[in-house]
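What follows is a single structure, written as structure tokens, with notes after it.
Quick caveat, the model's predicted, so the values are computed rather than measured. Letters A, B, ... mirror the listed sequences (proteins, then strands); counts begin at 1. Values reported hereafter were calculated over all heavy atoms of this structure, with side chains retained and with hydrogens, waters and symmetry mates removed.
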Amino acid sequence: MFGKRIKIKELLLSDNVNYQATVMGWVRTFRNNQFIALNDGSTNNNIQVVVSLGSLDDITLKRITTGACIKATGEIIASLGKGQKVELNASSIEILGDSDAEKFPLQPKKHSLEFLREIAHLRFRTNTFGAIFRVRHSLAFAIHDFFNKKGFVYLHTPIITASDAEGAGEMFKVTTLPLDGTAPRNEDGSINFKDDFFGRNTNLTVSGQLEGELAAMAFSDIYTFGPTFRAENSNTTRHLAEFWMIEPEMAFHDLEDNMNLAEEFIKYIIRYAMENNREDLEFLSQRLEEEEKQKPQNERSELGLIQKLDFVVNNDFERITYTEAIDILKECSHNKKKKFNYLIDKWGIDLQSEHERYLVEKHFKKPVILTNYPKEIKAFYMRQNDDGKTVAAMDILAPGIGEIVGGSQREERFDKLTERMKEMHIPTEELDWYLDTRRFGACPHAGFGLGFERIVQFVTGMGNIRDVIPFPRYPKSASF
RNA sequence: UCCUCCUUAGCUCAGUUGGUUAGAGCAUCUGACUGUUAAUCAGAGGGUCGCCCGUUCAAGUCGGGCAGGGGGAGCCA
């Protein structure tokens, strides 16, 4: 049996000393030919492995380099130095994997996030990315935990879909037809998919919502949590071509129920990370603080990362309607002084990110839930309000990130839904299976979608979404 | 896709009005030292200045194009 070792997290958690232990991990630094800072990914903290002078031959000593993988056995003792409570006094050290110091790109120094993105396969071995991906794990776990406790069914919606009418964005095509121009064609010149693998045009999913609604009409409460694909040419710090999305769908919920659940959900998963990843968040908080010091005073955020999360968890989100938001924006001095690139003049326009940021970061200084948008700027499936102008939509806007959740009460009335689909040129025949939910036992229901990487960004304080997913996919980039 | 900035050693960056042999810190290698905390000290190696074209007696430096990257915008989660 090889794996008989103690994880560094467990070892550091206890103050016990004077016992034999074996640790395995990767060398972060090797100081003084004597002190190894060893990390195994279980925690951001390293165990100090002490090699007593003359106890190792020179050849082995030379192989203890940054990045090398080693197994160390010895006695855990109270540290003779400052900076750590306990350390391992090595009686034997075995090199499990060498790491050529001249070639290993990670050095015991600060690297830029841009450089680390180019070596994403190795960046897990840094403090920052170790912390990020442990937090990401905790958030993912907390999501399942939250819904499971509430009796939701975890639904796996298809990744390959035949419908391209979801309207959520450009889609990636899925096909086994040849790309050399010899694919079969219809008379009008378009590709004939009859002989394609699925016998029809298929794409990667942009949302599992429509399928989620089908299941909610049987289980009452379901959620999806899986990868989603958008072929948009988006080059920003908050968009990916492949990202993970959480989409709960609840029967017997109206817009208010929906908002309540979304707010409770966000607070739950943040709280979970704060309770289970304290050290990682403290590290990330410190990292952010140092990054902020580079910025001019007026651009720095008022709260530190942990303070910000504390605040979000302990305060109610602000809830206002689209109409109220327009009034606030129209009357604010920022608008009157013409400081917006897009000035707010009339009801009905879509809010730009500068407006959302103003509301969240300047006006309310907390997460904001915006409701009841004009129907013209929202999707076909959102429930029409009695005013004939708005739909029961809600977006949750978070400081620094912008839109983090988009949701709505769904239009359960068959006639209203099909009418709206026709107005918006959504082919009803292609979504006939979806309309069956309205034909057979329809009920008021609601749901929302939450971009997983966006919440990971929010909790870790990372500015670029490409740094919170292990191997980011975006235009012109699909390495690893 | 649009706007804008950037690209010089393995990494982070200096490099003056265009002018002789392009620098620093860290990393790496060699040696010294040994209870260090990104150890310290001494020495050494390391460059097609992103690529192509142009202006000029002369280009890391000026102009154009291309590529890659950052930030912002749009689309959205």
Side-chain angles (χ1 to χ4, degrees), chain A residues 27-37 45-54 62 65-67 77 79-84 87 89 99-119 126-127 166-170 205-209 227-247 262 294-295 299 340-342 350-357 377-379 395-398 401-407 448-458 463-469 474-477 479:
Chain A
V27 175
R28 287 290 175 81
T29 62
F30 184 32
R31 285 183 294 269
N32 232 0
N33 262 357
Q34 202 179 168
F35 304 102
I36 304 167
N45 298 315
N46 304 322
I47 179 81
Q48 172 154 286
V49 175
V50 183
V51 184
S52 42
L53 287 168
K62 286 265 187 254
T65 56
T66 302
I77 57 168
S79 180
L80 303 177
K82 285 169 190 163
Q84 60 278 318
E87 61 192 21
N89 196 7
S99 174
D100 185 340
E102 285 193 67
K103 292 181 182 147
F104 186 61
L106 293 173
Q107 302 157 6
K109 59 168 279 189
K110 194 171 156 54
H111 288 293
S112 68
L113 295 172
E114 292 81 15
F115 171 67
L116 293 172
R117 217 170 285 149
E118 288 169 14
I119 49 164
T126 64
N127 288 330
E166 289 158 35
E170 288 294 312
T205 183
V206 293
S207 162
Q209 182 201 312
T228 309
F229 308 87
R230 304 273 167 92
E232 305 283 350
N233 190 9
S234 296
N235 293 285
T236 80
T237 53
R238 38 183 209 290
H239 288 89
L240 290 166
E242 177 183 288
F243 65 100
W244 287 64
M245 191 153 64
I246 299 102
E247 294 179 290
Q294 312 295 319
K295 293 186 188 169
E299 285 175 31
F340 286 130
N341 288 321
Y342 295 86
D350 208 351
L351 297 180
Q352 305 291 318
S353 25
E354 58 177 342
H355 305 134
E356 295 179 349
R357 292 191 66 150
I377 58 173
K378 286 291 177 184
D395 283 0
I396 302 184
L397 311 176
I401 310 281
E403 185 177 344
I404 202 163
V405 162
F448 61 86
L450 177 136
F452 184 51
E453 283 74 21
R454 295 225 177 135
I455 198 84
V456 180
Q457 264 190 289
F458 185 73
N464 195 319
I465 201 165
R466 294 166 188 177
D467 294 329
V468 299
I469 189 167
Y474 49 95
K476 301 280 179 291
S477 181
S479 305

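- Residue Arg466(A) is classed as a sugar-phosphate contact, given heavy-atom separations below 4.0 Å to backbone atoms only.
- Asn235(A) comes within 4.0 angstrom of a base, heavy atoms only.
- The base of rC11(B) lies outside donor-acceptor range of the side chain of His111(A), with no N or O pair under 3.5 Å.
- OP1 and OP2 of rG72(B) both lie 4.0 Å or more from every side-chain N or O belonging to Ser353(A).
- Residue-level contact check: Leu240(A) touches the bases, meaning some heavy atom is under 4.0 Å from a base atom.
- rG18(B): no Watson-Crick or G-U partner with both key distances under 3.5 Å is found in any strand.
- Using the Watson-Crick or G-U wobble rule with both distances under 3.5 Å, rC76(B) pairs with nothing in any strand shown.
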Once each nucleotide of nucleotides 32-43 of chain B is scored for protein heavy atoms under 4.0 Å, what B/S/- sequence comes out, 5' to 3'? --BBBBBB----

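- When the side-chain nitrogen and oxygen atoms of Arg238(A) are compared with OP1 and OP2 of rA73(B), one or more of them lie within a distance under 4.0 Å.
- Using Watson-Crick or G-U wobble geometry with both donor-acceptor distances under 3.5 Å, rG68(B) finds its partner in rC6(B).
- Using N1 to N3 plus N6-O4 or O6-N4 for Watson-Crick, or N1-O2 and O6-N3 for G-U wobble, each under 3.5 Å, rA38(B) pairs with nothing.
- Here Thr236(A) does not reach the OP1 or OP2 of rG71(B): none of its side-chain N or O atoms lies under 4.0 Å away.
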Worked check of side chain to side chain contact (heavy atoms under 4.5 Å, CB included) between Glu232(A) and His239(A): CA-CA 9 Å; Glu232(A) 305 283 350; His239(A) 288 89; over 6 Å; no

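- For rU56(B), there is no paired nucleotide, since no Watson-Crick or G-U wobble pair has both relevant distances below 3.5 Å.
- In this structure, rC11(B) forms a base pair with rG25(B), meeting either the Watson-Crick or the G-U wobble geometry with both donor-acceptor distances under 3.5 Å.
- Within 4.0 Å (heavy atoms only), Arg28(A) reaches no atom of the nucleic acid at all.
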